[in-house]
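In what follows, a single structure is set out as structure tokens and then discussed.
Counting starts at 1 for both ligands and their atoms, in listed order.
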Amino acid sequence: HDEEFPPRILDHVMKNAIKGDVTNVIDVIDKYCWSVEIAMNVGDVKGAILDKSFLEASPKNVLEIGCYCGYSALRMSRLLKEDAKIFTIEASSQYADVAQEIISFAGMEKKVQILRGLSDEVLPTIAEKCGVRTFDFVFIDHAKELYKRDLIMLENLGLIRQGTTIMADNVIFPGCPDYLEYVRNSPKFECTNYPSKLEYCENREDAMEKSIYLP
Ligand SMILES: Cc1ncccc1-c1cc(O)c2nc[nH]c(=O)c2c1
Ligand SMILES: [Mg+2]
């Protein structure tokens with residue numbers, strides 16, 4: 001991916017969005033990505049699917065794996081209930097720097113905490129570091145080859161509980177066949193597929209997969 005997109009979107013947001021207005025920041029990012037250049041945000045169409053599952057779950061503790069520029073963290077933060085929080089893991093310090101700026105510009109820095117590092121390095125200590133026992137909602141949107149490994153890690157570390165909702169982006173494109181096979185064949189997960197399109201595209205199929213953990 002174009003390494004230079006993050007600084008460009010940050011600059012565009014600072015110049016064109018309303019400081020402290022999270023809905024406007026989201027809208028400005030979507031308009032830019034539809035009109036100027038595609039970026040790997042979950043986007044507005046799949047974002048609406050994420051919103052709906054998020055509201056149904058009404059979570060207190062939220063985990064995101066793959067923050068990128070903070071777009072999906074902002075989408076979820078605007079729907080958070082009182083004293084709820086989002087913890088988002090980002091391995092790229094360049095992405096994390098930009099995400100921090102965008103999240104702060106939108107006024108959501110108290111609701112979203114970025115954890116810098118690789119998911120398999122952050123997850124083992126996240127409970128005590130963040131003062132969280134289990135997560136109520138998890139959004140997986142990082143590298144497709146790590147989805148299955150990280151879900152198994154969440155289970156083994158006891159970071160998900162009876163009823164936790166796990167949403168996964170890109171289960172068609174780029175696609176994560178081993179993850180899908182794992183959750184759909186496991187008796188511990190109730191899965192629902194939401195067909196959609198790749199962000200900011202009209203003609204490429206993608207989908208989100210919702211998995212409710214029922215151990
Ligand atoms: C945008 C895009 N274009 C062509 C090929 C792949 C992608 C793409 C789309 C996404 O939503 C992604 N989400 C998380 N991590 C990714 O690597 C990723 C990549
Ligand atoms: Mg994605």
Quick one: which ligand 1 atoms are inside 4.0 Å of a heavy atom on [X]?
X    : answer
H142 : 14 (C), 15 (N), 16 (C)
N170 : 9 (C), 10 (C), 11 (O), 12 (C), 13 (N), 14 (C)
D169 : 11 (O)

Notebook entry, point to check: Any idea which part of E199 is under 4.0 Å from ligand 1, heavy-atom wise: side chain, backbone, both or neither?
Noted result: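 Contact part for E199 vs ligand 1: side chain (C-beta onward).
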
Margin query: Checking contacts here: is it the side chain or the backbone of F173 that comes within 4.0 Å of ligand 1, counting heavy atoms only? Could be both or neither.
Written below: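 The answer is the side chain.
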
Margin query: Under 4.0 Å, counting heavy atoms only: does P174 come that close to any atom of ligand 1?
Written below: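 The answer is yes: ligand 1 sits under 4.0 Å from a heavy atom of P174.
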
Item checked: Y200 touching ligand 1 at heavy-atom level, < 4.0 angstrom ->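 Checking ligand 1 against Y200, which is what was asked, there is no heavy-atom contact under 4.0 Å.
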
Note to self: Distance check, rounded to the nearest 0.5 Å: M108 atom CE versus M76 atom CE?
What the structure shows: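 Between atom CE of M108 and atom CE of M76 there are 12.0 Å.
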
Item checked: Under 3.5 Å side-chain donor-acceptor pair for D30 and Y200 ->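 Side-chain D/A pair, D30 to Y200: present.
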
Margin query: Under a 3.5 Å threshold, yes or no: a donor from one side chain and an acceptor from the other, between E64 and T88?
Written below: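 Yes.
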
Checklist line | Protein N/O/S neighbour count - the Mg ion (ligand 2), strictly under 2.8 Å | finding: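 Excluding waters, the total comes to 3.
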
Tell me whether [X] contacts the main-chain N or O of [Y] through its side chain, where contact means a donor paired with an acceptor under 3.5 Å.
X    : Y   : answer
Q113 : F87 : no
D136 : N61 : yes
N41  : Y71 : no

Next item on the list: Determine the interplanar angle of the H142 and Y147 rings, folded into 0 to 90°, and report it as parallel if under 30°, tilted if 30 to 60°, perpendicular if over 60°.
Entry: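 The rings of H142 and Y147 lie parallel, inter-plane angle below 30°.
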
Next item on the list: Quick one: sort the F5 and Y32 rings into parallel, tilted or perpendicular, breaks at 30° and 60°.
Entry: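 Judged by the thresholds at 30° and 60°, the geometry between F5 and Y32 is tilted.
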
Note to self: What I'd like to find out is whether the side chain of V138 reaches to under 4.5 Å of the side chain of Y213, using heavy atoms alone.
What the structure shows: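 With C-beta onward as the side chain, the pair stays apart.
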
Check: Tell me, do V42 and F139 make a side-chain contact under 4.5 Å, heavy atoms counted?
Finding: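 When only atoms from C-beta onward are counted, F139 and V42 do touch, with a gap below 4.5 Å.
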
Notebook entry, point to check: Could an N or O of ligand 1 be found under 3.5 Å from any N or O of N41, whether backbone or side chain?
Noted result: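 So ligand 1 has no N or O lying under 3.5 Å from an N or O of N41.
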
Checklist line | Heteroatom proximity flag, D141 to ligand 1, N/O under 3.5 Å | finding: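 Yes, D141 has an N/O under 3.5 Å of an N/O on ligand 1.
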
